[in-house]
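To start, the structure itself, in structure tokens.
For the single chain, residues carry numbers from 1 onward in sequence order.
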Amino acid sequence: MLEEIPLTRPQTPLLDAIDSPADLKQLEPDQLIELAEELRLFLLYAVGQTGGHLGAGLGVVELTIALHYVFNTPKDRLIWDVGHQAYPHKILTGRRDRMLTMRQAGGLAAFPSRKESQYDAFGVGHSSTSISAALGMMLAAEMQDQDQHTIAVIGDGAMTAGMAFEALNHAGHLDKNILVVLNDNNMSISNNVGGLSSYFARMWASKPYNFIRTGSKRVLSKIPPALKAAHRAEEYMKGMVSPGTLFEEIGFNYIGVIDGHDTLGLVDILSNIKTLRGPQLLHIVTQKGKGYAASENDPFGMHAMSKISPASKSTANGLQSSPTYSLVFGDWLCDMATSEPLLVGITPAMGEGSGMKRFAEEFPDRFHDVAIAEQHSLTFAAGMACDGLKPVVAIYSTFLQRAYDQLIHDIALQDLNVLFAIDRAGLVGEDGPTHAGSFDLSFLRCIPNMIVMTPSDENETRRLLSTGFAHRGPAAVRYPRGKGPGTPLEATLEPVAIGKGVIRRQGKSVAILAFGSMVTPALQAAEQLDASVIDMRFVKPLDTDLVEAMARSHQLLVTVEENAVMGGAGSAVNEHLLQADYRIPILNLGLPDRFLDQGKVPEMLAAVGLDSETIAAAIKAKLKACKIQSEAV
């Protein structure tokens, strides 16, 4: 058991000889146990150097080795759900020497990526997609007469999403060859991990048992009462020692519960499963953070970690000196709940990340974490709103996308009183495009009845959250990851006037209409240009009076947003000015029409023209192109 993460590269002779799963297969089975220790040690070192997801990867070291040892990847398709646990997979599939570039610009992605490696069968970052993707690949192989195995690895957390069960149901109906590995590493579905259950699990995966099982059913099919009795006996036997009855009823052959850290046991049971026909579900139990004491003792806190250095030897993501937007929201939620007894907080497995820890402790009866079930979280909130409560849904921008129909059909269409606190809006840096909140302004502003707000700093976040809470109907406040510009917080929870922006700087010739996080760089750019800066606050309803006033008093309007330009806040300004027949040059700045790979947020913003220097440069170029005179140009 390691107490500290190694700061220098450890000696890993077995691992260093493996550049592909083909090399792995050259090892003797008893060498795999030593390899697992080396792989775990190297993983700790690599993540310590780069930061990233740690606990989940440590928990699947033995499983990863066994899967690549038994199956013929990449011909056999191996699909990792979510992708948090895929670091050992990357190390064993030819990317060991690039692991120190993880989550950096031009380096390895934080999640499996099809463009990165042929071994990454499916790109992923959101949860509960693996079984659906695996089923599609399995059918594609069958239609093209390709002989391959298809394996989906899904955690018990991801299994809480409805999409996973939709795919399981479809797979059971098709009755085709597919293996689902359920990695139970947190809230165990069953406590039946012991000698008896392990014995039965080995038996259920054995060739003799499955030969007798399928053969006897063919024979007994001619005697329906006997077949029914045999099926019921098998069901009762499995139900006594496993949670497999549900999966069996769906149509899977359930095998479990298995120790997920027994490398040789996994190799043996996977080798047997490889010969079986039909849908198979292997239920293994692992320990998140296995082998590293801090992660084993705090699997939630050590789910991910920051890069460490010899000077600090810090491992966990500690709280920063000034509050993040998430903590600003969490404190606002507690303050508002004190005076508003009908407030309830809802989140789909984003409680701690969204800053709701304090609220959950102080108002446990009003806090609802519904697990990884974004669609359910919104309709759940809709039901509460129908009967008089005021739900506040805390959700990351990238995951709100997964519940778009519920947002439109169940909440906006009925004009229900739900507030959305949308975290991680805009670029998120090292986590890359799967987690970027690049599109929420575009997909929110087209929905009738929605109020859409973009606070520019910490205090504005509090005020606009209060505005959304006071509003009767659906409202959204979107804010970025991390800290704001450091604006002091006021104690007041007073709302602002809906649809009204604020002039932050009065200048000449150029008016910059800035939304949310772009107000600060816009103010910095304006100093070079003597430009006006308007904190628009609202994307919907747009402050059309202020927009028209700027159009009348300036020669160029510039919109700036940390959202896709296409259909975003700038498009809202364009649409209004066109309808109002204003003839004025407009420059729309925002995220380009492409997915942006991982990197540091400041560098990413500069690369797409959204830091103060590049904003100023773009405005100067536009002024020159339009031949508009400006004293600063």
Side-chain angles (χ1 to χ4, degrees), residues 125-127 129 161 163 325 346-348 350 354 372-379 381-382 391-416 418-428 431-455 464-465 468 471 473-481 498-499 513 515-518 536-542 559-576 588-596 608 610:
H126 294 183
S127 86
T129 61
M163 182 177 179
Y325 280 105
I346 301 170
T347 185
M350 300 163 211
S354 294
I372 303 175
E374 296 89 352
Q375 295 172 309
H376 166 59
S377 70
L378 266 65
T379 306
V392 179
V393 179
I395 190 168
Y396 296 177
S397 173
T398 187
F399 298 125
L400 181 58
Q401 298 163 183
R402 294 166 66 99
Y404 197 50
D405 179 64
Q406 288 70 27
L407 176 61
I408 295 173
H409 180 272
D410 298 340
I411 294 177
L413 180 62
Q414 302 184 89
D415 201 18
L416 293 176
V418 179
L419 172 62
F420 295 91
I422 305 175
D423 204 337
R424 271 65 165 179
L427 300 179
V428 294
D431 282 342
T434 59
H435 283 57
S438 306
F439 312 108
D440 52 75
L441 295 185
S442 301
F443 70 66
L444 285 172
R445 77 175 191 86
C446 65
I447 303 175
N449 295 331
M450 286 295 302
I451 301 292
V452 184
M453 295 167 275
T454 58
L464 292 181
L465 285 166
H471 174 69
V477 179
R478 61 102 72 170
Y479 43 87
R481 182 181 190 176
I498 289 179
L513 311 182
F515 294 85
S517 61
M518 290 292 101
M536 292 299 295
R537 280 181 169 167
F538 292 84
V539 175
K540 185 179 184 179
L542 194 68
T559 66
V560 192
E561 61 191 298
E562 196 175 341
N563 184 85
V565 170
M566 296 185 70
S571 293
V573 174
N574 297 350
E575 291 161 11
H576 176 74
N588 299 131
L589 300 178
L591 299 179
D593 185 28
R594 68 177 188 273
F595 293 105
L596 302 175
V608 296
L610 291 179

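Using a cut-off of 4.0 Å between Lys/Arg side-chain N and Asp/Glu carboxylate O, Arg481 and Asp431 are scored as salt-bridged. Salt bridge Arg445/Glu575: present, at least one basic N to carboxylate O contact under 4.0 Å.
Summarising the geometry, atom OG1 belonging to Thr454 is positioned 11.5 Å from atom CG belonging to Leu444; distances are rounded to the nearest 0.5 Å. Put simply, NZ on Lys540 and CD1 on Ile447 are 7.5 Å apart, with the number rounded to the nearest 0.5 Å. Of the inter-residue distances, the one linking Leu542 atom CG with Leu513 atom CG reads 8.5 Å to the nearest 0.5 angstrom. To the nearest 0.5 angstrom, Gln406 atom CD is 10.0 Å from Leu400 atom CG. To the nearest 0.5 Å, the span separating OH on Tyr479 from CG on Asp423 amounts to 4.5 Å. Atoms CD and OG, on Glu562 and Ser517 in that order, are 3.5 Å from each other to the nearest 0.5 Å.
Distance alone, capped at 3.5 Å, places no donor-acceptor pair between the Asp415 side chain and the Gly473 backbone. A donor-acceptor contact shorter than 3.5 Å is absent between the side chain of Thr347 and the backbone of Ser354. Checking side-chain atoms of Arg402 against main-chain N and O of Ser127 turns up a donor-acceptor pair under 3.5 Å.
Annotation: side chain of His376 is not in contact with side chain of Ile346 (no heavy-atom distance under 4.5 Å). Using a 4.5 Å heavy-atom threshold, the side chains of Glu374 and Met350 count as touching. At least one side-chain heavy atom of Leu591 sits under 4.5 Å from a side-chain heavy atom of Leu610. Between Phe515 and Val573 the shortest side-chain heavy-atom distance falls below 4.5 Å. A heavy-atom distance below 4.5 Å is not found between the side chains of Val452 and Phe538. Counting heavy atoms from C-beta on, the side chains of Phe420 and Val392 never come closer than 4.5 Å. Between Glu561 and Ser571 there is no side-chain heavy-atom pair separated by less than 4.5 Å. With a 4.5 Å cut-off on side-chain heavy atoms, Thr398 and Arg424 do not count as touching.
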Verdict with reasoning, Asn574 to Asn588, per side-chain contact (heavy atoms from CB on, under 4.5 Å): CA-CA 9 Å; Asn574 297 350; Asn588 299 131; 2.7 Å; yes
Kindly indicate, with the supporting measurements, whether the criterion ring-ring contact (aromatic ring centres under 6.0 Å, His included) is fulfilled by His126 and Phe399. CA-CA 8 Å; His126 294 183; Phe399 298 125; 4.8 Å; yes
Apply side-chain contact (heavy atoms from CB on, under 4.5 Å) to residues Asp405 and Gln375 and explain how you reach the verdict. CA-CA 8 Å; Asp405 179 64; Gln375 295 172 309; 5.9 Å; no
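The two residues Ala421 and Leu465 have their closest heavy-atom pair at CB-CD2, 4.3 Å. Closest approach of Leu464 to Met453, counting heavy atoms only: O-SD, 3.6 Å. When all heavy atoms are compared, the tightest approach of Ser438 to Asn563 is O-OD1, 3.0 Å. Nearest heavy atoms, Ser397 versus Phe443: O-CZ, 4.5 Å. Shown here for Ser442 and Met566, the closest heavy-atom pair between the two residues is OG-O, 3.0 Å. The two residues Pro348 and Ser377 come nearest to each other via the heavy atoms CG-OG, 3.8 Å.
Exactly one residue among Leu378, Leu419, Val418, Ile411 makes a side chain to side chain contact (heavy atoms under 4.5 Å, CB included) with Pro391. That residue is Val418.
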